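These numbers come from a predicted model, not from an experiment.
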Amino acid sequence: MPFQDERLASDQWLGVLTSISMDEFCERWVPIILGVQPEEGFQYKRACTELLEKVTENNKKTVQNWLSNPKVVPQHVTKYLGIVNRLWLVRYHLGDLFPESRK
């Protein structure tokens with residue numbers, strides 16, 4: 001059994017579970033995935049809401065509430081976004097994700 005070794009059971013394995021705020025997540029991925037820049041105001045907010053709805057599988061009102069009041073975002077959501085962010089970064093840098101944006 002792999003977790004019989006105390007080193008494997010330590011918290012070092014949890015290091016990949018870093019959190020990322022919704023704003024950071026949107027700033028990185030909305031321009032790449034949806035082609036909308038933060039300077040585009042309302043369109044950017046709408047695109048951010050749309051992406052977060054899809055990624056978190058939460059409804060629009062919930063996501064809008066989180067965006068307007070980041071202190072109420074559950075920790076498991078920010079950790080989940082952190083995991084998605086890491087996965088997408090790896091795939092993006094390998095050229096496997098969003099190849100159309102890598103022209």
Side-chain angles (χ1 to χ4, degrees):
M1 257 185 161
F3 289 108
Q4 288 179 341
D5 185 339
E6 192 60 34
R7 291 173 294 151
L8 294 177
S10 74
D11 288 343
Q12 70 185 5
W13 289 95
L14 300 176
V16 298
L17 300 177
T18 57
S19 295
I20 186 172
S21 74
M22 293 185 141
D23 287 338
E24 291 173 290
F25 187 86
C26 287
E27 286 172 10
R28 177 169 289 147
W29 296 110
V30 167
I32 293 170
I33 297 171
L34 300 174
V36 181
Q37 301 300 319
E39 302 82 36
E40 295 181 58
F42 179 73
Q43 288 180 328
Y44 175 77
K45 287 181 182 181
R46 187 171 58 200
C48 186
T49 301
E50 178 184 323
L51 180 60
L52 290 168
E53 279 180 83
K54 289 180 182 178
V55 171
T56 66
E57 295 184 346
N58 281 278
N59 66 48
K60 183 177 183 175
K61 286 190 180 218
T62 298
V63 170
Q64 288 173 331
N65 182 46
W66 288 342
L67 287 169
S68 64
N69 190 1
K71 290 181 180 183
V72 301
V73 179
Q75 185 179 14
H76 73 274
V77 172
T78 59
K79 283 203 181 279
Y80 174 73
L81 291 176
I83 293 167
V84 171
N85 178 60
R86 282 188 185 233
L87 175 63
W88 285 3
L89 280 172
V90 168
R91 292 187 65 197
Y92 181 76
H93 288 293
L94 292 175
D96 187 32
L97 187 65
F98 320 117
E100 67 279 359
S101 68
R102 300 181 58 80
K103 295 177 184 171

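Among pairs with a residue in residues 36-80, those fulfilling disulfide (SG to SG under 2.5 Å) read C26-C48, at least two apart in sequence or across chains.
No donor-acceptor pair under 3.5 Å is formed between the side chain of Y44 and the backbone N or O of P31.
Between V73 and L67 there is no side-chain heavy-atom pair separated by less than 4.5 Å. When side chains are defined from C-beta on, W66 does not count as touching T49, because their heavy atoms never get closer than 4.5 Å. Counting heavy atoms from C-beta on, the side chains of N85 and E24 never come closer than 4.5 Å.
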Identify all side-chain donor-acceptor contacts of residues 55-62 below 3.5 Å with residues at least two apart in sequence or on another chain.
{"unit_1": "T56", "atom_1": "OG1", "unit_2": "L52", "atom_2": "O", "d": "2.6"}
{"unit_1": "T56", "atom_1": "OG1", "unit_2": "N58", "atom_2": "N", "d": "3.4"}
{"unit_1": "T56", "atom_1": "OG1", "unit_2": "N58", "atom_2": "ND2", "d": "3.3"}
{"unit_1": "N58", "atom_1": "ND2", "unit_2": "T56", "atom_2": "O", "d": "3.0"}
{"unit_1": "N59", "atom_1": "OD1", "unit_2": "K61", "atom_2": "N", "d": "3.2"}
{"unit_1": "N59", "atom_1": "OD1", "unit_2": "T62", "atom_2": "N", "d": "2.8"}
{"unit_1": "N59", "atom_1": "OD1", "unit_2": "T62", "atom_2": "OG1", "d": "3.0"}

Solution key, residues 36-43 side-chain donor-acceptor pairs under 3.5 Å, sequence neighbours excluded:
{"unit_1": "E40", "atom_1": "OE2", "unit_2": "Q37", "atom_2": "N", "d": "2.8"}

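Closest approach of L81 to I20, counting heavy atoms only: C-CG2, 3.3 Å.
Relative ring orientation between W88 and F25 is described as tilted, the plane-to-plane angle lying within the 30° to 60° band.
Look at E50 and K54 and you find a salt bridge, because one of the NZ, NE, NH1 or NH2 atoms lies within 4.0 Å of a carboxylate O, short of that distance.
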